[in-house]
Asker: 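I am attaching a structure below and will ask some questions about it afterwards.
The figures that follow rest on heavy atoms only: side chains count, while hydrogens, waters and symmetry mates do not. By convention in this document, chain letters (A, B, ...) are assigned in the order of the sequence lines, proteins followed by strands, and residues within each chain are numbered from 1.
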Amino acid sequence: MQDAPWVGGSLFGLEGAKDGMPERVRVETHGEEETRQLGAHLSAAVRAGDVLLLLGHFGAGKTTLVQGIARGLGVDQPVTSPSFVIASEYQGRIPLYHIDLYRVEQMDEVTLEAIAEYFGGDGLCVVEWPGSVPDELAHGAVRLELAIMGEEDRGLTLEGALPRLQAVFERFGAGRLAQTGRHGG
Amino acid sequence: MMRMLAIESSCDETAAAIVRAGRWVEGNVVASQIALHATYGGVVPEIASRAHVQALVPVVRQAMEQAEVGWDDIDLVAGTKGPGLAGSLLIGLNAAKAIAYARDLPFLGVNHLEGHIYANWLAEASEEGIAPPAPEFPLLCLIVSGGHSDLVLMRGHGDLVRLGRTRDDAAGEAFDKVARILGLGFPGGPAIQKAAERGDPSRFPLPRAWLPGTYDFSFSGLKTAVLRLVEPLGKDVPVADVAASFQESVADVLSAKATRAAAAFGVHQLAIAGGVAANSALRQMVVERSPVSVRLPALKYCTDNAAMIASAAFGRYIAGARSDFATDVSPNLPVAPADRALEARR
């Protein structure tokens, strides 16, 4: 999928249309601040109970995207990599649960019980390195894959997404969302 | 002289220590889980909690045996309240509370990161009589570990303000992740340092995030740069040179920002702390560049231990602090409140 040709513009078409509804939407961002802006726009469309699984290698921009989501939700605390603490909770318009399973290569019962509370709960749950999340928890989650395309360029692919999140990607890709100036970060 | 028992279980070490007057270490025992987690390539939280439960009583008993003390000899009990893994913190903090309650002793919940700072003034009880240096306030401390990178101004015991922090990855996390990229194993700090010994630190000019006008750090871009450097090389990665160049970049930024802050705030002492403070390249660069005297913790007190928790508890105790038994674990506890003037400029 990452090898697919990236044709002009920033919106890379809708693949695998099913029932007239696109299953996969891709956009490209150019620089960390733009990735944060996409996150901020996504935050306007998320609802309590949504689960976002972030896939992508080191440096693909997973934590950067979450920083944007947090900014959009009105979180006033700094969002840093939760690799060490595994789960961070932030208060915004709705709670933001930022989970990072980089250190949890094998899921165990009690950890599962602890993180399961965040899935489909009262807030938005965003999971980095979700490889060890069992299928039953991942069911219904939105997969967002980030790929490094160049020094500053990142390709973001939304899969199995809710129409309201897809709409954000489509509008962002078509340049119809405000690219506001830098604030904070 | 007041004698303390402290328990630390914030991440993957179960530790207990007996420390007199905040600095004389009479007993210090650390049960490491590194071998246990190395099999998994990281920490498995539940395995960590279970290992803490199993190790706790033997570790406390052993620390007391080392110190040759009984329950009647202890005057204060301290436990780490955060930051760390919730399930791990609970074991040590509740054990400390239970002992304090049962023995009717004062109890203190300690910030793990503040503990790291106090590792700088610990001394062996067997060497008592040789007066070790004491903290000279105001002092500046660079705390660099697997979960944190903070620059802290300390004006006195219990009087701390955070000047800077990492905006993405902690320094130790960058070491761990780059070690994995280079196939060097876990934990990454010692592995990178060892590989770097035979490497040329100037071979690859890796980026440094200076974030001018702030005392903040960023290591995510460096980690990405290493990945982009080695990925096209396949199996022909000059591991030693990449490790050395990476280590040089981290040490350069950390030491430059810490020594600059030391000069700007007119401190009397510059200390470094946390697991990454064991890194020899960082130690050397901080000493070379510092405008004031530098404290470097003994290597065995850089990584997680309970003696540093006892010492920090003593500092807080003499400043008048006490904790009650309602004290709960605080997994995301910051080292100190942010400096307001600096925060406003951010």
Asker: For chain B, which candidate among A/E151, A/E89, A/E32 shows the most heavy-atom pairs at distances under 4.5 Å?
Answerer: A/E151
Asker: Over all heavy atoms of both residues, which pair between B/A179 and B/G185 is shortest? Give the atoms and the distance, please.
Answerer: CB-O, 3.6 Å
Asker: Does atom CD (B/Q193) have a neighbourhood of more than 12 heavy atoms from anything else shown, all under 6.0 Å?
Answerer: yes
Asker: Should the ring pair A/Y97 and A/Y118 be called parallel, tilted or perpendicular, given that the plane angle runs from 0 to 90° and is split at 30 and 60?
Answerer: tilted
Asker: Testing A/D50, A/L54, A/L144 for side chain to side chain contact (heavy atoms under 4.5 Å, CB included) with A/V126, which one passes?
Answerer: A/L54
Asker: Taking the six-membered ring for Trp, are B/F175 and B/F246 ring centroids under 6.0 Å apart?
Answerer: yes
Asker: Less than 4.5 Å to any heavy atom of chain A: does that hold for the side chain of B/D169, its backbone, both, or neither?
Answerer: both
Asker: Can you tell me which portion of A/Q77 sits under 4.5 Å from chain B's heavy atoms? Options are side chain, backbone, both or neither.
Answerer: neither
Asker: Among B/P334, B/G172, B/G147, which has the most heavy-atom pairs under 4.5 Å with chain A?
Answerer: B/G147
Asker: Can you say whether A/A87 sits under 4.5 Å from chain B via the side chain, the backbone, both, or neither, judging by heavy atoms?
Answerer: backbone
Asker: Non-hydrogen atoms of chain A under 4.5 Å away: do they reach the side chain of B/K177, the backbone, both or neither?
Answerer: both
